[in-house]
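Heads up: the structure comes next, in structure tokens.
What you see is a predicted model, and the numbers here were worked out from it, not measured in a lab. First listed ligand is number 1; within each ligand, the first listed atom is number 1.
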Amino acid sequence: MYNTVEMAVIVSRTVPLLTEEQRTIYDRIMLAVSAGQGELIFLDAPGGTGKTFLISLILAKIRSNNGIALAVASSGIAATLLDGGRTAHSAFKLPLNIQNNPDAVCNIKKQSSLATVLKLCQIIIWDECTMAHKHSLEALDRTLKDIRNNDKLFGGTLLLLSGDFRQTLPVIPRSTYTDEINACLKSSRLWHNVEKVQLKVNMRVQMLQDPSAETFSKQLLDIGDGKVALHENTGCIKLLTDFCTIINSQDELIDQIFPDIHIQYLNLEWLAAVA
Ligand SMILES: Nc1ncnc2c1ncn2[C@@H]1O[C@H](COP(=O)(O)OP(=O)(O)OP(=O)(O)O)[C@@H](O)[C@H]1O
């Protein structure tokens with residue numbers, strides 16, 4: 001249970017801060033929540049555009065009215081950034097070998113308390129959805145139809161997917177590039193139902209007023225949008241020397257991003273801060 005007063009305070013503090021594009025999306029989502037008809041919306045948001053900021057507000061708004069809003073993410077680290085966030089696998093009890101199971105369903109009994117929550121919830125927000133295997137989303141669709149006895153998409157549940165396809169796609173061990181494309185949500189039969197909304201303004205750049213943050217965010221977008229030429233033999237791109245700190249091994253990468261992880265790995269606040 002959430003404290004509705006605390007949630008309302010978050011809402012009244014945050015709404016006046018929204019930028020115009022954040023406000024438009026916030027209003028669109030809240031309209032879909034009130035309509036209660038179930039929709040599939042994809043929030044396309046490159047890093048730093050305020051996706052977490054906006055999602056946190058939507059969660060707080062629904063919870064301030066005693067409504068149920070579920071927040072899941074494809075990775076544990078992204079789940080730590082959302083209030084009450086869980087990984088999609090654990091929240092929906094998805095089967096472990098989902099990539100080999102095109103007809104999968106979630107392991108949720110119709111009479112269970114989780115099924116009741118899924119029946120009553122006003123929105124499901126799935127962050128970092130671009131990392132999810134399409135079978136996971138399809139399993140959720142089948143399960144919600146069954147639990148809600150409703151043949152509409154996701155049994156009439158409002159689903160907000162968020163993420164950035166320029167970043168990480170599903171990770172499939174020993175797979176080819178084509179396997180990853182086939183596995184991603186855009187290849188799902190459900191994807192044509194998606195309404196896309198977009199955040200474009202990088203709030204980190206805007207708030208920090210830092211020209212190097214602006215250059216970095218532009219370079220990142222150019223790579224994600226395929227504007228940087230591929231090396232003809234290797235198919236790799238060459239990173240500019242001013243792009244980031246280049247390291248030599250996976251261990252060094254972990255050390256730089258998560259220093260002291262062997263001590264801090266149970267400290268959720270620390271994990272969320274460095275995520
Ligand atoms: N309208 C706003 N007013 C004030 N601060 C904002 C606003 N929108 C975003 N921010 C701040 O900008 C920063 C980036 O926002 P946020 O973390 O939500 O971005 P994101 O899209 O989730 O980024 P990433 O995917 O890289 O984690 C945060 O510090 C957030 O608090």
Got the closest protein heavy atom to [atom], with its distance?
{"atom": "atom 25 (O) of ligand 1", "result": "Gly47 CA, 3.6 Å"}
{"atom": "atom 19 (O) of ligand 1", "result": "Gly50 N, 3.1 Å"}
{"atom": "atom 22 (O) of ligand 1", "result": "Thr52 OG1, 2.5 Å"}
{"atom": "atom 8 (N) of ligand 1", "result": "Gln22 NE2, 3.1 Å"}
{"atom": "atom 12 (O) of ligand 1", "result": "Met203 CB, 3.6 Å"}

Counting from 1, what ligand 1 atoms have a heavy atom of Met207 closer than 4.0 Å?
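Here the atoms of ligand 1 in question are 4 (C), 5 (N).
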Review point. Short list, please: which atoms of ligand 1 are under 4.0 Å from a heavy atom of Leu17?
Key: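 In order of numbering, the contacting atoms are 1 (N), 2 (C), 3 (N).
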Thinking salt bridges, do Lys145 and Asp151 make one under a 4.0 Å N-O criterion?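 Asp151 and Lys145: not salt-bridged.
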Near Lys218 NZ, under 6.0 Å, is it more than 12 heavy atoms from other residues, nucleotides or ligands?
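Check fails, neighbour count at 12 or below.
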| query | Does a sphere of radius 6.0 Å around CD in Glu214 hold more than 12 heavy atoms from other residues, nucleotides or ligands, not counting ones at 6.0 Å or beyond? | reply | no
Closest non-hydrogen atoms of Lys110 and Asp146, given as atom of the first, atom of the second and distance, are CE-O, 2.9 Å
Mark whether atom 28 (C) of ligand 1 lies under 4.0 angstrom from at least one protein heavy atom.
no
For atom 31 (O) of ligand 1, decide whether some protein heavy-atom distance is shorter than 4.0 Å. yes
* **is_close_aromatic(Trp126, Phe42), centroid dist under 6.0 Å** =>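 They do not qualify: ring centres at least 6.0 Å apart.
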Which of Thr24, Leu54, Asp44 passes side-chain contact (heavy atoms from CB on, under 4.5 Å) with Leu199? It is Leu54
*So, does Gly48 sit close enough to ligand 1 that a heavy atom of it is under 4.0 Å from the ligand?*
yes
message = When you compare ligand 1 with Phe53, is there at least one nitrogen or oxygen pair between them that comes in under 3.5 angstrom?
response =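 Min N/O separation from ligand 1 is below 3.5 Å for Phe53.
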Would a distance-only check, ignoring hydrogens and angles, find a side-chain to backbone donor-acceptor pair under 3.5 Å from Glu39 to Ala32? no
Any sub-3.5 Å donor-acceptor pair from Thr143's side-chain atoms to Ala139's backbone N or O? yes
(message) Using heavy-atom distances only, which candidate in Gln206, Gln167, Arg204, Glu128 approaches atom 17 (O) of ligand 1 most closely?
(response)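 It is Arg204 that holds the nearest heavy atom.
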